[in-house]
Structures are given as C-alpha cells and as structure tokens.
There are 2 protein chains.
Amino acid sequence: MAASERKKREYAQREDLIIHTARKLLLDVGYLDLNMDRIAEVTEYSKGTIYQHFSCKEEILVAMLSESAEKAGKFLLRGSNLKGKPRERMAAMALGYDLFVCLNPDHFKAKLLVQNESIMRKASPTFQKKLDACNLNNMHIVSGVLRDAVTEGHVKLKKGVTPEEVAFGLWTGALGAYVLMSSEVNLHALGITDPRKAVWENMHALLDGFGWRPLSKELDYEQTRSRILKEVFPKESAQMGML
Amino acid sequence: MAASERKKREYAQREDLIIHTARKLLLDVGYLDLNMDRIAEVTEYSKGTIYQHFSCKEEILVAMLSESAEKAGKFLLRGSNLKGKPRERMAAMALGYDLFVCLNPDHFKAKLLVQNESIMRKASPTFQKKLDACNLNNMHIVSGVLRDAVTEGHVKLKKGVTPEEVAFGLWTGALGAYVLMSSEVNLHALGITDPRKAVWENMHALLDGFGWRPLSKELDYEQTRSRILKEVFPKESAQMGML
DNA sequence: CCAATTACTTGACGCTTAGTCAATATTTAA
DNA sequence: TTAAATATTGACTAAGCGTCAAGTAATTGG
C-alpha cells in the first residue's frame, strides 16, 4: 500500500512542475501567448495529463497565485516576528512584502489577471477557495499586529474607524503601487523615480496620520529599516543588493 | 467636398458605437466571453468593418479605457475647481473620482485588463499613446493642486519627498482600493463593510501624515464633503443616493 | 444621366488553441 | 502471469481571431 503514498507524492510533484512551468512561461511570453500545448511540451507531459490536474488554463493561474500568496504570507510572518514595537513590526511586514514582490515578479502579473472576475470565475471552487483562504490568512497577519498596537495603546483609532479599515488602507496603498509597478505605466515619466521608496514613505505618512506611535519624528525609521533588513531578511536583501 | 466631412463624422460615430457595445458586453459577459463576432452582431456591422477601426480585440479595450480616463479627468477637473483650500480641492477630486468609478463600473474592469502588459502590448502605438496621454493629464490635475498647496505653504514636504511621490501615494491608495472593489475579493468577509468610506478616511489620514493643513482635526471634512457633493457634483451624488 | 473610379462592407476561409475522449500503455494486485 | 485498475496520450472537435478577395455603394467627371 506504499504505492498510493508514492502516487500522491508524484501527483503533487507534477502539479508543482506544471505551476512552475506556467509561471516561467507567463513571465517569458505573457498571458495571451501562454498556451496549454506549450505547457505540455515544456513539462514533457501531454495535454491530457495537464487537464488531469487543472480544469482550464485560468485554474493554473489561480493555483500559481495561491502558491505565491502562501509564500508572501511567510514573508509577512517573518516580518511580524521582529523584536520591537508594533509599528516597527508593521514596517517589517511591509518591507518583507516588498522583498517578496521584487523576488517574485510573476506574482503581480498573475494577480492582475486573476483579480479579474471573468478569469477567476473559470477556476473551480476548490481552487478559488484556496486562494481566498491564503488572502484571508495574510490579512489576519497584518491586522493582528495592528490589533496589538491598539491593545498596547500605541494607536487610538478615531471613532467609527476599525482596525480592518486601517489594514485596508495599508493593503490598498501597497497593492496599487505594485499594480502600477508591474504594469506598463511609465512611472519615471510621471516623476516617480523610486516607487518602492515612495511606498515606504507613504506608509509611514499614513501611520503617522493615524497617530500610531512612535511617529516618524519620534523614531528614526531609516535605522529600523536597516535593522529589519539585517535581522529578518539578511539573505533576501543581500540578493536584492539592499544592504 | 462636404461628403468627406460627413464621412469622418460617420466614422467617429461608428467607432463610438463599437466602443460602447464592447463596454456593454464586457460588463455583461466578462473578458473571456467578449468576442469580435458578438460585437459585430450587436453593432450590426460585419467583422471586417470592426477591424477597419481596431486592429484587435485588445485595442478596443485600450480605446475604451482612454475614453473613460478622459471622462474621469473631467470629474477630477471639476473637483479641482472647488472654491476653497487646496486640501479641500484635493478631497473634491477624490470624491469626484469615487463618483466616476461608481457611475462607470466598466472602467476598472477594463483597467485591470489593460494594466496587463501582455494585453496593452497588442494595441497599436497610436492607441497606447492616447491612453498614456490621458493618464498623464489626470496625474497633472492632481499634482497641480498639490503644488498649489506647497507654494501656498499649506504643506511642507519632508526633505527628499517630491510632490509627485505624494500624488503617487494618493493615486496608489485609490487605485488599490478600486481594484479590490471591482474584483472578486470578498471585502465584507475581511471586515470592510464600507470600502468607499475607508478610502476617504485613509486619504485624510495620509494627508494628515504629510502635515497638509488644515489637518482633519482642524477642519470638519465631513462638512466639506457635503459641500462638495452639493456644489460640485449635485446631479451625480443624487444619482448615487448620497445627498 | 451614365460610366469609371474610389471607398466601404462583407462573410467565408485559414489558422491557432482550448478542451475532450477513445485508444493505448503502465501499474497494481491477486 | 494475468486481469483489472489506473495513467497517459494525441488526434479530434469546436470556437474564435484576424484576413482578404469579391461584392456593394458612393462619388466624381464627362
């Protein structure tokens, strides 16, 4: 009966292979030229076998996104474990996510597509739910740190403003920025020479605006930034040439 | 020689018809089921005639987006003309854009797709450039108000922070939020019951964070909000049931 | 008013690709 | 060893994009 165990493992491996191949092809040729025959050819399986794993092309994209969302979650989690004040931990999560996006340029490419309901809808509920769960989990990691800050009295939210709404603000700021960065918009022409730095600055302005202590005039977050890179993401930031 | 004038008009009219038909179909059936035969059928022209106007399906999307980006620009402009302090004018622009997005639900659907380089790339340079110009123009309207605020001394940007980077922050916050709203993400499940309100709150937090006077504790922006709706967008806000 | 020319319109056709499924090969279990 | 179960294949169907030769309508000049 050991065979069925091995079979399962082989199945999972093949699924990984398909996802990774699709990922590579998406980066290389873009969505419109990403086709199933090519995926079959590169994976050295036939189309029929590919369809054994995924019901359609779009489902592969959703699976791809789930996988990288999980990976992103690990970066967030590592950031949240920084020794320090909640706001520093929040900064570490932002930086972690930034590193993740830079190290996984296909993530936002897939995200832009899958965000589109017409594409998401084609995937089977199983895969849809898995992606939803990943996103929810990541949201929880962020709002958890925010809740720590509230209970520890570092930030007092205005009446009617919920922690989720603040997390939403952080989320949308980053999302919008990475959407622009991974799309064809010429940011340089718009006067944005370093969008990643702008995201960092804007996040701190937002947190200052909510009155989340220590404010950026009370603590040198540039120093925190160096500490985060050194303590939490040494390997990744070296890889990105940020140290 | 009056004939050629009429011809031009007819050509432009047909182009509008195609764009509007595609817009309607995109909303009805989604990107994956949006096809050229259907557009031809609904417009009551043949496929060949459609291709006389647009080189491919994706080019129609780009044209569609240009048109609605222009429309959005008008809302921004109207907002920027509010009588009041620059920060109030900025708020009016945000509110105007919000109204625009709500009144044109197809805009972000198309934007999500066209943001994808693989799709944008298929359109001919002429259409690409037109869209770029629209986006640039809209960006200028926003950063213009910001520059007014800087010259009038209402906001003093930290050393190294440019007005464009702040505009970028506003832009990305709104973009990310509308991307989420027009996508399949279940915001309610994430604890976001009123994302549009959250966008408004987060914008003010961001502007407060940059120290843009009057801060939200110095001026009742809820009152400003009512004034904006009444003075600048009476018809639209009535249509949305916001008055 | 008619013929020649030009401009517009058409839809059948070629080609690519998603997704299916009957035939084939391989593995498992008795 | 062999029958049943399972996995794999790739030819095939259907559908849609984009083309283009042939047909239709408008315009112009005589």
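Chain naming here is simple, since letters A, B, ... match the order of the sequence lines and numbering starts at 1 in each.
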Side-chain N or O of B/Arg14 versus OP1/OP2 of C/dT9: is the shortest distance under 4.0 Å?
yes
Of the options C/dT10, D/dT9, C/dA18, whose atoms approach the side-chain atoms of A/Met36 most closely?
C/dA18
In whole angstrom, give the distance that lies between atom CG of B/Asp33 and atom C1' of C/dA18.
13 Å
Rounding to an integer number of Å, can you tell me how far B/Ile60 CD1 sits from D/dG16 P?
15 Å
Hey, are B/Ser183 and A/Glu117 close enough side-chain-wise for a donor-acceptor pair under 3.5 Å?
no
Of C/dA18, D/dT8, C/dG19, the nucleotide closest to the side chain of A/Asp37 is C/dA18
Could you tell me if the ring centre of B/His53 sits under 6.0 Å from that of B/Tyr11?
yes
Starting at atom CD of B/Glu10, determine the distance to atom P of D/dA26, rounded to an integer number of angstrom.
9 Å
B/Glu58 CD to D/dG16 C1', in whole Å, measures 12 Å
Ranking C/dG19, D/dC17, D/dG10 by distance to the side chain of A/Lys47, first place goes to C/dG19
Choose from D/dT8, D/dC17, C/dA18 the nucleotide whose nearest atom is closest to any side-chain atom of A/Tyr51.
C/dA18
d(NZ, A/Lys8; P, C/dT28) in whole Å:
15 Å
In whole angstrom, give the distance that lies between atom CG of B/Asn35 and atom P of C/dT17.
18 Å
What is the distance, to the nearest angstrom, from the CG atom on A/Leu32 to the P atom on C/dT16?
16 Å
Please report the distance, rounded to the nearest Å, between NE2 in A/His53 and C1' in C/dT20.
17 Å
The side chain of B/Thr49 is closest to which nucleotide in this list: D/dG18, C/dG19, C/dT9?
C/dT9
Atom pair CG (B/Leu65) and NZ (B/Lys111), whose distance is rounded to the nearest 0.5 Å
5.5 Å
Can you say whether the rings of B/Tyr31 and A/Tyr31 are parallel (under 30°), tilted (30 to 60°) or perpendicular (over 60°)?
tilted
Side chain of A/Lys7 only, please: which of D/dT27, D/dA7, D/dG18 is the nearest?
D/dA7
Ranking A/Leu34 and A/Gly48 by the position along DNA chain C of their nearest nucleotide, the one closer to 5' is A/Leu34
Establish, from distance only, whether the side-chain atoms of A/Asn116 and B/Lys109 form a donor-acceptor pair under 3.5 Å.
no
